[in-house]
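Written below as structure tokens is the structure these notes are about.
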Amino acid sequence: EDAMTVLAKPCDALAGATPTAPVVDLSPSRLAAANINPRTRLATDYLNHFNEVIMCLELAPSMPDMAEDILAWTPKSYVEHFAGSTFRERDLAVAAYHAADARARATLEAIVTDLDQAIGEAKALVMGVAATDPSFEEEAMMLVVTRLRPLVDQASAVINGTGAHDAAADHTPHPTAQQAVDELFS
């Protein structure tokens, strides 16, 4: 059997039982064809979950009805995202995720926790300030620029294997929008 295949339920094999789950081909060529990074075994499609709410936040000042979409957003784990997605190879994406390096998964999950928190701040902003209020645009853009985009960039680096997961120890929260504004004017 190819070293790049795994059992979806490896515990069956370890227990001596006949495996009931199908063998999943995690070969680099199959992963690449499915738009899953063959080295990290992670897919950037997960970032769409965050990019959609960022886009709504950016559009809300000129399209106030976007506030509803921001408030409707809920956190989803990597597996939850793919379970409810229309991604063609969603089952492969989940199997590859479980076979991915544990350190990379942990780093991605830590970044996602920070993203979820920052989007929670965006939701609080939407609830507290009308999207048409001039202060909303400033606060929303500061949140996007200082927190959300950098966190998505970090998550993308982990998924693409471009070094961010090596910086797990350097993963520190970004300043709040108010801290960034205060820094600009100090």
Side-chain angles (χ1 to χ4, degrees), residues 35-37 40 42-91 93-94 97 100 104-165 167-186:
N35 204 24
I36 299 168
N37 186 296
T40 66
L42 300 170
T44 57
D45 185 82
Y46 180 46
L47 300 180
N48 291 340
H49 180 61
F50 305 101
N51 286 325
E52 289 168 5
V53 75
I54 291 169
M55 180 186 68
C56 290
L57 194 57
E58 291 170 328
L59 292 172
S62 60
M63 299 175 66
D65 56 320
M66 288 288 157
E68 291 176 26
D69 292 330
I70 296 166
L71 294 175
W73 184 91
T74 57
K76 289 183 184 176
S77 70
Y78 189 95
V79 172
E80 290 168 337
H81 167 76
F82 283 103
S85 120
T86 59
F87 187 71
R88 179 178 43 90
E89 292 281 6
R90 67 186 190 181
D91 293 337
V94 170
Y97 173 79
R105 283 194 327 259
T107 301
L108 180 61
E109 290 167 6
I111 294 166
V112 166
T113 296
D114 287 350
L115 270 165
D116 291 345
Q117 179 183 6
I119 293 170
E121 292 172 27
K123 290 172 76 167
L125 175 64
V126 168
M127 289 188 295
V129 180
T132 54
D133 185 308
S135 69
F136 176 85
E137 184 172 14
E138 181 180 329
E139 290 182 49
M141 291 308 102
M142 289 302 295
L143 188 56
V144 166
V145 170
T146 64
R147 299 270 319 274
L148 295 171
R149 290 237 181 263
L151 288 167
V152 168
D153 289 346
Q154 288 177 27
S156 178
V158 172
I159 291 169
N160 290 309
T162 56
H165 111 272
D170 297 335
H171 179 69
T172 55
H174 290 274
T176 65
Q178 185 59 54
Q179 290 168 329
V181 169
D182 291 346
E183 181 66 26
L184 285 172
F185 293 106
S186 63

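Index from 1, following the sequence. Heavy-atom basis, side chains included; hydrogens, waters and symmetry copies ignored.
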Do [X] and [Y] have side chains that approach each other closer than 4.5 Å (heavy atoms only, starting at C-beta)?
X	Y	answer
H49	W73	yes
E138	L143	no
V158	T40	no
F136	V126	yes
F50	L148	no

- [ ] Examine the side chains of D45 and H81 and answer whether a donor and an acceptor come within less than 3.5 Å of each other.
- [x]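 Checked: D45/H81 side chains pair up, N/O donor to acceptor below 3.5 Å.
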What is the minimum heavy-atom distance between [X] and [Y], and which atoms define it?
X	Y	result
L71	M127	CD2-CG, 3.5 Å
M141	L57	CE-O, 3.8 Å
Y46	K76	OH-O, 2.6 Å
R149	N51	NH1-OD1, 4.2 Å
A43	Y78	N-OH, 2.8 Å
L59	M66	CB-CG, 4.0 Å

- [ ] Give a yes or no on whether E80 atom CD has more than 12 heavy-atom contacts from other residues, nucleotides or ligands under 6.0 Å away.
- [x] yes
- [ ] Evaluate whether atom CD of E58 has more than 12 neighbouring non-hydrogen atoms of other residues, nucleotides or ligands under 6.0 angstrom away.
- [x]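 Counting neighbours around CD of E58, more than 12 heavy atoms of other residues, nucleotides or ligands fall under 6.0 Å, so yes.
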Rounded at 0.5 Å granularity, tell me how far [atom1] in [X] sits from [atom2] in [Y].
X	Y	atom1	atom2	answer
D153	N160	CG	CG	11.0 Å
I111	Q154	CD1	CD	5.0 Å
C56	M63	SG	CE	8.5 Å
L151	T146	CG	OG1	9.0 Å
T107	I159	OG1	CD1	11.5 Å
L42	R105	CG	CZ	8.5 Å

Task: Sidechain-backbone polar pair: S156 side chain, V152 backbone, donor-acceptor under 3.5 Å - done: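 Checked: no pair found.
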